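Since the structure is predicted, the reported quantities are computational estimates derived from the model, not experimental observations. By convention here, the first residue in the shown sequence is residue 1.
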Amino acid sequence: MKLRIIVTLKNGVLDPQGKAIQHALGGLGFNGVDDVRAGKIFELEVADDTSDQAIDEMCRKLLANTVIENYRVERA
């Protein structure tokens, strides 16, 4: 089974990488970009019988820092 894990910063958490991207876009002449939030995408291929609990545990223990990040799982 193929999974896509999308990890994003929680609202209110500062995003220096997003600010750097926003600044760089302005420097390249792309005006009007009001905000950028950077995130991560992980693509996993797991056994078909992998439980939702195991997938959630993978995310919480390694893929996302749940103090400052949210994640969602998409099945392909």
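- Applying the side chain to side chain donor-acceptor pair (under 3.5 Å) rule to Asn70 yields no partners; only residues at least two apart in sequence or on another chain are considered.
- Residue pairs meeting the side-chain hydrogen bond (donor to acceptor under 3.5 Å, both in side chains) criterion with at least one partner in residues 6-17, sequence neighbours excluded, are absent.
- Legend: residues meeting salt bridge (charged side-chain N to carboxylate O under 4.0 Å, His left out) with Arg4, ordered by chain and number and at least two apart, are Glu43.
- Residues meeting the side chain to side chain donor-acceptor pair (under 3.5 Å) test with Lys2, sequence neighbours left out: none.
- Under the 4.5 Å side-chain contact rule for hydrophobic residues, Val46 and Phe42 share a cluster.
- Note on residues 21-32: no pairs pass salt bridge (charged side-chain N to carboxylate O under 4.0 Å, His left out), not counting sequence neighbours.
- The salt bridge (charged side-chain N to carboxylate O under 4.0 Å, His left out) analysis of residues 66-76, with sequence neighbours excluded, yields the pairs Lys40-Glu69, Asp52-Arg75, Arg72-Glu74.
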Table please: side-chain donor-acceptor pairs of residues 54-65 below 3.5 Å, with sequence neighbours left out.
| from | atom 1 | to | atom 2 | distance (Å) |
| --- | --- | --- | --- | --- |
| Asp56 | OD1 | Tyr71 | OH | 2.1 |
| Asp56 | OD2 | Arg60 | NE | 2.8 |
| Glu57 | OE2 | Lys61 | NZ | 2.9 |
| Asn65 | OD1 | Val67 | N | 3.1 |

Below 3.5 Å, can you tabulate the donor-acceptor pairs from side chains in residues 21-35 to any protein atom, sequence neighbours excluded?
| from | atom 1 | to | atom 2 | distance (Å) |
| --- | --- | --- | --- | --- |
| Gln22 | NE2 | Val33 | O | 3.0 |
| Gln22 | NE2 | Asp34 | O | 2.9 |

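- For Asp49, there are no salt bridge (charged side-chain N to carboxylate O under 4.0 Å, His left out) partners at least two apart in sequence or on another chain.
- Both Met1 and Leu44 belong to a common hydrophobic cluster when Ile, Leu, Val, Met, Phe, Trp and Tyr are linked at side-chain heavy-atom distances under 4.5 angstrom.
- With a 4.5 Å cut-off between side-chain heavy atoms of Ile, Leu, Val, Met, Phe, Trp and Tyr, the cluster of Leu14 takes in none.
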